[in-house]
Number of protein chains: 2
Amino acid sequence: MFGLRFFVDPRSALPIYQQLVNQIKAAAAGGLYPPGQQLPSVRELAGQLAINPNTVAKAFRILEEQGVIERRRGLGTFIAQKPAVAKDLTSLRIKLQELLVEAYHLGVGPQELRQMFETALNNWNKGKEEQRGKGN
Amino acid sequence: MFGLRFFVDPRSALPIYQQLVNQIKAAAAGGLYPPGQQLPSVRELAGQLAINPNTVAKAFRILEEQGVIERRRGLGTFIAQKPAVAKDLTSLRIKLQELLVEAYHLGVGPQELRQMFETALNNWNKGKEEQRGKGN
DNA sequence: CCAGGTGTACTACTATACTAATACAGTGAT
DNA sequence: ATCACTGTATTAGTATAGTAGTACACCTGG
């Protein structure tokens, strides 16, 4: 049903499983994979990407720990129903802080950064709406 | 002149040199180290942190590549004069994108995220002003 | 010139992260 | 019951990232 959604660079500095984690999280957040949607099996994905099933399984395990997906033995893995309502936003605050530091050293001021932020938000919403449209 | 500004956890998942890079970048962005300010020598820092001078040197090398500091043989290392005016903001855009994805999976909506963003910006400015005040 | 400070280059050890091979275990259709 | 599909556990090989030891090169003040 789905074509080759994911790709992987074995020579990247980022480990393969991490690349998968990132891509799947992004796909889910972008609405490409709605809640409840079944993902390809570990073997299928591994086959497409020419990697070991265990590597895919590792990515899935991490994603489950983060509440992004649910794994069911014998059935498959699925996008979690609800983006967990977070109690602990520490990690997010840290990432935000890191973003500000990075911006500073790139010479990007508060005003310009704010604009980039809004642009990113808009693009994200736009993407989700397009995805919704495909279902009609 | 400066007390123990930096600390390091050898058992952290992040390598020591990376911890140093992060802390020094944050310190520079926060105004703790104004442009031109000399940093502790590799041996001094290594001594304080009970690590190998080469590890500090590695952090310094990375920071120089990023334009944060300048190293001068026989003299020392110093905070770069100007936060380089960035031509390539790709890395920043990627980090921003990752932030949105992260926020989504934590159940943080656009509105709430925007608020966190503004808060972080304010805190950052506040911090810099306090730092400026210490010089008077 | 020399001494004592700076950063730097080279080499090598070692822990472990990453991946893979293989076998195990749950589910559902036939 | 069996089969064909799911995910899971265990083990092990291997590349390499991280760190450290040691020696080198540069600068400045005496």
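Reckoned from all heavy atoms, side chains included, excluding hydrogens, waters and symmetry mates.
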* Asked: Across the strands shown, which category fits A/R61 at heavy-atom distances under 4.0 angstrom: base, sugar-phosphate, nothing?
  -> nothing
* Residue mapping more 5' on DNA chain C - nearest nucleotide basis, A/Y17 or B/N54 ->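 On the 5' side of the pair lies B/N54.
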* For DNA chain D, the residues among residues 72-80 of chain B that have a non-hydrogen atom under 4.0 Å from it -> B/R73, B/G74, B/L75
Not counting sequence neighbours, which residues clear side chain to side chain donor-acceptor pair (under 3.5 Å) with [X]? List them please.
X      : answer
B/Q18  : B/N22
A/E118 : B/R114
B/E64  : B/R71
A/T90  : A/D88

* Quick one: list whatever passes side chain to side chain contact (heavy atoms under 4.5 Å, CB included) with A/N123, sequence neighbours left out. =>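 Testing A/N123 for side chain to side chain contact (heavy atoms under 4.5 Å, CB included), a comparison that skips the adjacent residues, returns A/T119, A/K126.
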* **For B/P110, all residues meeting side chain to side chain contact (heavy atoms under 4.5 Å, CB included), sequence neighbours excluded** => A/L121, A/W124
* Asked: What residue pairs, at least two apart or across chains, pass salt bridge (Lys or Arg N to Asp or Glu O under 4.0 Å) with a residue in residues 90-104 of chain A?
  ->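 Pairs touching residues 90-104 of chain A that pass the test: A/E102-B/K25.
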* **Residue pairs, two or more places apart or on separate chains, that pass salt bridge (Lys or Arg N to Asp or Glu O under 4.0 Å) and touch residues 7-18 of chain B** => none
* To do: Report yes or no: is the cationic atom of A/R5 (NZ for Lys, CZ for Arg) closer than 6.0 Å to the six-membered ring centre of A/Y33, at no more than 45° off its axis?
  => yes
Donor-acceptor contacts, no H, no angles, side chain residues 53-60 of chain A, under 3.5 Å, sequence neighbours left out:
none

* Asked: Which two nucleotides bound the region of DNA chain D that has atoms under 4.0 Å from heavy atoms of chain B, read 5' to 3'?
  ->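 Boundary nucleotides touching chain B, in 5' to 3' order, are D/dG18 to D/dT28.
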* **Where chain B begins and ends its contact with DNA chain C, read 5' to 3' at 4.0 Å from heavy atoms** =>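 Taking any atom under 4.0 Å from a heavy atom of chain B, the span is C/dG5 to C/dC10.
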